[in-house]
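All remarks here apply to the structure that follows.
Letters go in sequence order (proteins before strands), and every chain restarts at 1. Only heavy atoms go into these numbers, but all of them, side chains included; no hydrogens, no water, no symmetry mates.
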Amino acid sequence: MPELPEVEITRRGIAAPLTGRCVRAVIARVPRLRYPLPDDLSAQLVGQPLRDILRRGKYLLLAFDKGHLLLHLGMSGSLRVLQAGCAPVAPQKHDHFDLVFEGATLRLRDPRRFGAVLWLPASTTANGLNLDAHPLLASLGIEPLSAEFTSAWLYAATRKRAVAIKPLLMDSHLIVGVGNIYASESLFRAGIDPRTPACRISLRRYVRLVEAIRATLETAIAAGGSSLRDFTHADGNPGYFQQQYFVYGRVGEACRICKQPIRTLRQAQRATFYCGRCQRR
DNA sequence: CCGACAACCTGTGAGC
DNA sequence: TGCTCACAGGTTGTCG
């Protein structure tokens, strides 16, 4: 499920009720997700107050004095907060991991188990601040909502890339957080055919693409922000939202701009959706 | 370095 | 109803 907007919405949704609370217990029900779960999490976390929750790409980083707990939601992961005051909620089949705080529990559900829970001790994160020292974070690309993400940067970064622009947008070593849905949506907004080789796109068109990526992500965050309260509902779904997509999942339906049917194709084994009239090479 | 592909895992919906 | 298949919002590792 989660691309950058969903992860950011999750971050905000769980930070509000959990920041400042102390960890009481760690409950791991399944020994491995994408990687084996660390076996000493209780020793590291119990008694520690949660200082902050950061996001880098699609990774969430729960900051404690002794290090960071890294969470990734993979394809199917979600987090929610169970308030201690409410009736206890029995863990379901795919509820693999609980972080029990004083007064509330953070619960990770992930049916496909492509997600991750890792412990990054402060000692290996170079004075506790430089998270980029961890191999999973070290090779991550630019944050698309940062000031550094500009058309000039993207143009320069793509001069020698013959690959089609759509799979390139999804390459987290170049840009983080843009997944299969928002890559298609951004290219539609920018009027660019998803098959266009990245090196053949002009600076002018990259100006439009960078604006489109920002608008797409920010619109999605804004749409999800209205459902933040769901993160603390006892049995609600954790704040993901129905959004009006321009092209994603709309094969055969009329383009919202020109009424031509939306088309689909496969790129890098992923479905791409686009409008053949509104988007050009 | 670049690009293409398989792999990880479970659930769901379509078609027979 | 039950089977099989294709596909699902991510990332890594391997190969040429």
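- Side chain of A:Glu185 to main chain of A:Tyr245: no donor-acceptor pair is present (N/O by atom type, distance under 3.5 Å, no hydrogens or angles).
- With respect to the salt-bridge test (charged N to carboxylate O, under 4.0 angstrom), the residues A:Arg21 and A:Glu102 do not qualify.
- Between B:dC9, C:dG9, B:dG11, one nucleotide has an atom nearer to the side chain of A:His94 than all others, and that is B:dG11.
- Using a 4.0 Å cutoff on non-hydrogen atoms, the parts of residues 161-180 of chain A near DNA chain B are A:Arg161, A:Ala162, A:Val163, ordered by number.
- Between A:Arg55 and A:Glu143, at least one side-chain N (NZ, or NE/NH1/NH2) sits under 4.0 Å from a carboxylate O, which counts as a salt bridge.
- Residues A:Thr10 and A:Pro2 form no side-chain contact, since every pair of their non-hydrogen atoms from C-beta on lies 4.5 Å or further apart.
- With distances taken from any side-chain atom of A:Phe114 to the nucleotides C:dT12, B:dC8, C:dA8, the minimum falls on B:dC8.
- Under the rule for a side chain to side chain contact (heavy atoms under 4.5 Å, CB included), the partners of A:Tyr155 that lie at least two apart in sequence or sit in another chain are A:Arg159, A:Leu203, A:Tyr206.
- Put simply, NE2 on A:His72 is 11 Å from C1' on C:dG9, counting in whole angstrom units.
- Among the protein residues, A:Ala268 comes within range of no part of the nucleic acid, since none of its heavy atoms lies under 4.0 Å from any strand.
- In summary, A:Arg11 and A:Glu8 engage in a salt bridge, as defined by a charged side-chain N under 4.0 Å from a carboxylate O.
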Please tabulate, for the side chains in residues 30-46 of chain A, all donor-acceptor contacts under 3.5 angstrom to protein atoms that are two or more places apart in sequence or on a different chain.
unit_1: A:Asp40; atom_1: OD2; unit_2: A:Gln44; atom_2: NE2; d: 3.3

(request) Treat a base pair as Watson-Crick or G-U wobble with both distances under 3.5 Å, then lay out DNA chain B in dot-bracket form, 5' to 3', with | for cross-strand pairs. (result) .|||||||.|||||||
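- The stretch residues 28-39 of chain A touches DNA chain C through A:Arg34, A:Tyr35, each having a heavy atom within less than 4.0 Å of the strand.
- Between A:Asp110 atom CG and B:dC8 atom C1' the separation is 12 Å, expressed in whole Å.
- Checked for salt-bridge contact, A:Arg107 and A:Asp98 meet the test: a charged N lies under 4.0 Å from a carboxylate O.
- The existence of a salt bridge linking A:Arg29 and A:Asp95 is excluded, since no basic side-chain nitrogen approaches an acidic carboxylate oxygen closer than 4.0 Å.
- A:Lys160 comes within 4.0 angstrom of no nucleic acid atom, judged by non-hydrogen atoms across all strands.
- The phosphate of C:dG9 (OP1 or OP2) has no side-chain N or O of A:Lys58 nearer than 4.0 angstrom.
- When rounded to the nearest whole Å, the span between CZ of A:Phe273 and P of C:dG9 equals 8 Å.
- Closest to the A:Arg266 side chain, of the nucleotides C:dA8, C:dT11, C:dG9, is C:dA8.
- Aromatic ring orientation, A:Phe188 versus A:Phe246: parallel (interplanar angle below 30°, classes split at 30° and 60°).
- Listed nucleotides B:dG11, C:dT11, C:dG9 differ in distance to A:Tyr248; the shortest reach to its side chain belongs to C:dG9.
- In this entry the distance linking CG of A:Leu73 with P of B:dC9 reads 19 Å, nearest Å.
- No side-chain heavy atom of A:Leu106 sits less than 4.5 Å from a side-chain heavy atom of A:Phe97.
- For the pair A:Leu118 CG and C:dT11 P, the interatomic distance rounds to 14 Å; values are reported in whole Å.
- Sequence order on DNA chain C of the closest nucleotides to A:Arg112 and A:Pro135 puts A:Arg112 first from the 5' end.
- Clustering of Ile, Leu, Val, Met, Phe, Trp and Tyr by side-chain heavy atoms under 4.5 Å joins A:Tyr274 with A:Leu265.
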